[in-house]
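Structure record follows, encoded as structure tokens.
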Amino acid sequence: SIKKIFKATLVGAAFAAITSTATAETLRGASMFDENHTFTKTMVKFNELVGQYYKGDVEFDLRLNGEFGVEKDYVTFLNQGVAIDYTILAPSNMARFAPSIPLMDMPFLFRDLDHWNTVLSSDVLSPLEKELSDKADIVIVGYAGGGTRNLISSKRISNMDELAGHKMRVMGAPIQAQVFNAIGAAPSAIAYNEVYNAIQTGVVNGLENEAASLQNLKFYEVAPHVTKTSHTITVRPLVFSGKTFRKLPADLQAAIMKAGKEAGAYGRELESREDGIKLQQMADAGQIKVAEFANREKLLDMVKPVQDKFAASINATELLSAIRSK
Ligand code: MAV
């Protein structure tokens, strides 16, 4: 609020007069969605918690509705330390900066929500966090996510025959295209903010996404068929630019780490609980038609060798077995 900023400025100015250093920190965040999406709610929660845990002055400037672009832009901004300071990112949108990070959101990585929860409440992913920090200068402060990704298409895709040659958009990481190729589809990497148009103009016939984002961005208007392949349970790190993070006072860094864990847990609980509810809401409103995929087990068998090969290529064979055996 203006009042709060004014107050913070006054306090800052008075203090600066004595020490000539202290001013209130303003941290800018970005969401591709409006205030109803779980990512936005998770970041709002994060802002509140940091405010509680930090004794000094901190302001948050969270920009919504893709004002700063989409995740592939955010990752560049965080890497360079420009435009924004924090956001929530799909690991598969960070591949350009840290090739191994998409391992954490490979399709068919998690057996079910219990497995996903166990992995995210362990520290098994820490080698990937380290690589992200070393190579991309991006710090993971918590884990949101918890949506289940399904096929979303303009035509019905409910079995292997209908999937064969199906033109669909995937996220930018090569492993995503490899997985969907392996199951017979024809994937192409398209920026998220171009997907709606690409479907409308027939460049592709669909995408894969989770209920929260399907509902928020209304992809169902051009792709009303949802096929429950349930191929991915999302892992969505809440991330900071290392360049910003290092400049912050130690007690603010500590508040961010604590708030990040808690806001992430809040977001995971919310999104995983609402996932089925949102699908039902869209079905009830006549926005989507939901079908089961006839051969889900078969997809799993086809994808496993692709996962193994990817893990081997990034020296993460042991890590992949550690995740699988959780
Ligand atoms: C969903 O909106 C989210 O999982 C988001 O993190 C991804 O970037 C997006 O899908 C996508 O498919 O690119």
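Just follow the structure's listing: the first ligand is 1, and inside any ligand the first atom is 1. This one's a predicted model, so the numbers in the text were calculated from it and none came from an experiment. Note that these values count all heavy atoms, side chains included, but never hydrogens, waters or copies made by symmetry.
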Electrostatic pair Lys55-Asp251, nearest N-O below 4.0 angstrom: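 A salt bridge is absent here (no side-chain N lies under 4.0 Å from a carboxylate O).
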Are Asp275 and Arg273 close enough for a salt bridge, meaning some N to O gap below 4.0 Å?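 Here Asp275 does not pair with Arg273 in a salt bridge, since their nearest N and O are not under 4.0 Å apart.
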Counting each atom of ligand 1 from 1 as listed, which ones have a heavy atom of [X] under 4.0 Å away?
X	answer
Ala90	6 (O), 8 (O)
Ser213	1 (C), 2 (O), 3 (C)
Phe33	2 (O)
Asn209	1 (C), 2 (O), 10 (O), 12 (O)
Met171	11 (C), 12 (O), 13 (O)

Nearest 0.5 Å please: distance from the CZ atom of Phe68 over to the OG1 atom of Thr87.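 It comes to 11.0 Å.
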Over 60° means perpendicular and under 30° means parallel, so classify the ring planes of Phe245 and Phe240, tilted if in between.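 It falls in the perpendicular class, over 60°.
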Measure from atom 4 (O) of ligand 1 to every heavy atom in Gln176, Met32, Glu71, Glu210 and give the option owning the shortest one.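 Checking each option, the heavy atom nearest atom 4 (O) of ligand 1 is found in Glu210.
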For Asn93, state whether at least one heavy atom is located under 4.0 Å from any atom of ligand 1.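 Distance cut 4.0 Å: Asn93 passes for ligand 1.
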Suppose we measure from atom 13 (O) of ligand 1 to each protein heavy atom; which comes out shortest, and what is that distance?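 Scanning the protein heavy atoms, the shortest distance from atom 13 (O) of ligand 1 goes to Arg169 NH2, 3.0 Å.
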